[in-house]
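Following: one structure in structure tokens, then a few remarks.
One-based numbering along the sequence shown. Only heavy atoms go into these numbers, but all of them, side chains included; no hydrogens, no water, no symmetry mates.
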Amino acid sequence: MSKAPGRVLALVSLLVFSGVAGGLEISPESVLRDFLWQEWVGLAEDSRPRIGLALGSGGGRGLAHLGVLEVLEREGVPVDVLAGTSIGAVVGAFYAAGFSLGQMRDLASQAGWEDATDVSRARVLKLILADSLLSTERLEKLLREKMGDLYFHQLKVPFACVATDIRTGERIVFREGEVAPAVRASMTLPGLFKPVQYRHRFLVDGGIVEGIPVETARVLGADWVIASYTAYDFTRSDFSNVLKTLDQALNIRGGLADVPLLEQADFVIRPEVGHIHTFELWRSEEAMEEGVRAAHGRVPALKDQLILRFADRLLARWMRLEAKKP
């Protein structure tokens, strides 16, 4: 049992000494982290923990999730299961379907609310004067055009999304059936868009009941859950129209409800996107860059926590390797 840790310490010491002797700015902490991280990544899939990523709601702010995914992918952090709410459901569905982050960035930079809904000045006026809700049918059509008529079991990564039954207040978790109508329901903002009728239910945005789908990620089998959280800064709202006032009310309600959900996560990444309004999808590049910045800054802590939390699995691996040697 003592041989493997002894060799680990010897190797780390050698690497640190080599770095210092060569005039390189290498800290002992970073060398040790990198070495142990490679060992951790080398664990067999059935030996390492299943990592879940919970992508929260936020409209235009939620496009920061793409930046978070970009960093996790670059750093070799596995994403074994995905759960999404609202815009997080859209991002999660495309990623789970196998779209590259480059493809998703292109889609995000091109899409707007008019591509996913029937929002227009005339329609909003009708909403106010005639009490006629708008529709998210275009979002479902867009999803089908881009990813086809996919079912959940056909996705490359296990994925689930959350919607709310507007009649009962129940959390509805989609894990089977067609992906497009489920994602559409998850992103249907109440008070603005017509509820999506699904079987005997009337469904709206999942952010009402689970703005950060940590529990849903655990239902999918995640042992350790990373939450990507894109909160709005309430103080920035100008209440200049009906939409912004409605959104402010929903953001306040959601922000209060998100507190206990964040406590359930094992690790939280918070892109600084509080200045981006829910309806500002055109600020996608800005949101994505904030996601990259936030995730990059949290990578060392993320790796440290994973290594420490599951150190027993690394030790078991070293012991097995030693046992095989003559």
Query raised in the report: Got a sec, which residues hit salt bridge (charged side-chain N to carboxylate O under 4.0 Å, His left out) with Glu73, two or more places apart in sequence or on another chain?
Result: none
Report summary line: Applying salt bridge (charged side-chain N to carboxylate O under 4.0 Å, His left out) to Asp258 and not counting sequence neighbours gives none
Report task. Taking the side chain as every heavy atom from C-beta outward, state whether Glu137 and Lys194 have any pair of such atoms under 4.5 Å apart. Result -> no
Distance-minimising heavy-atom pair for [X] and [Y]:
X	Y	value
Ile212	Ala54	CG2-CB, 4.4 Å
Ala108	Leu63	CB-CD2, 4.2 Å
Ala64	Val273	CB-CG1, 4.1 Å
Pro271	Glu290	CB-O, 3.9 Å

Requested in this report: Would you please test Asp80 and Arg48 for salt bridge (charged side-chain N to carboxylate O under 4.0 Å, His left out) and show each step?
Outcome: CA-CA 11 Å; Asp80 299 300; Arg48 70 166 174 77; 2.7 Å; yes
Requested in this report: With Arg171 as reference, evaluate Asp165, Thr164, Thr216 under the side chain to side chain donor-acceptor pair (under 3.5 Å) test and give the passing residue.
Outcome: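 Considering Asp165, Thr164, Thr216, a side chain to side chain donor-acceptor pair (under 3.5 Å) with Arg171 is found only for Thr216.
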Ignoring hydrogens and geometry, is there a side-chain-to-backbone donor-acceptor pair from [X] to [Y] under 3.5 Å?
X	Y	answer
Thr136	Leu139	no
Gln154	Tyr151	yes
His65	Gly56	yes
Ser186	Asp205	no
Arg218	Gln264	yes
Glu289	Glu286	no

Query raised in the report: Once the angle between the rings of Phe152 and Phe174 is folded into 0 to 90°, is it parallel (under 30°), tilted (30 to 60°) or perpendicular (over 60°)?
Result: parallel
Requested in this report: Return the orientation label for the Trp40 and Trp37 ring planes: parallel under 30°, perpendicular over 60°, tilted otherwise.
Outcome: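 Ring orientation, 0 to 90° scale: parallel.
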Query raised in the report: Got a salt bridge between Glu280 and Arg61, using NZ or NE/NH1/NH2 to carboxylate O under 4.0 Å?
Result: no
**Report entry** Residues Asp223 and Arg50 bridged, charged N to O under 4.0 Å
**Finding:**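 Salt bridge absent between Asp223 and Arg50.
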Requested in this report: Name all residues meeting the side chain to side chain contact (heavy atoms under 4.5 Å, CB included) criterion together with Ala295; count only those two or more places apart in sequence or in a different chain, and write none if there are none.
Outcome: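 Val68, Val71, Ile269.
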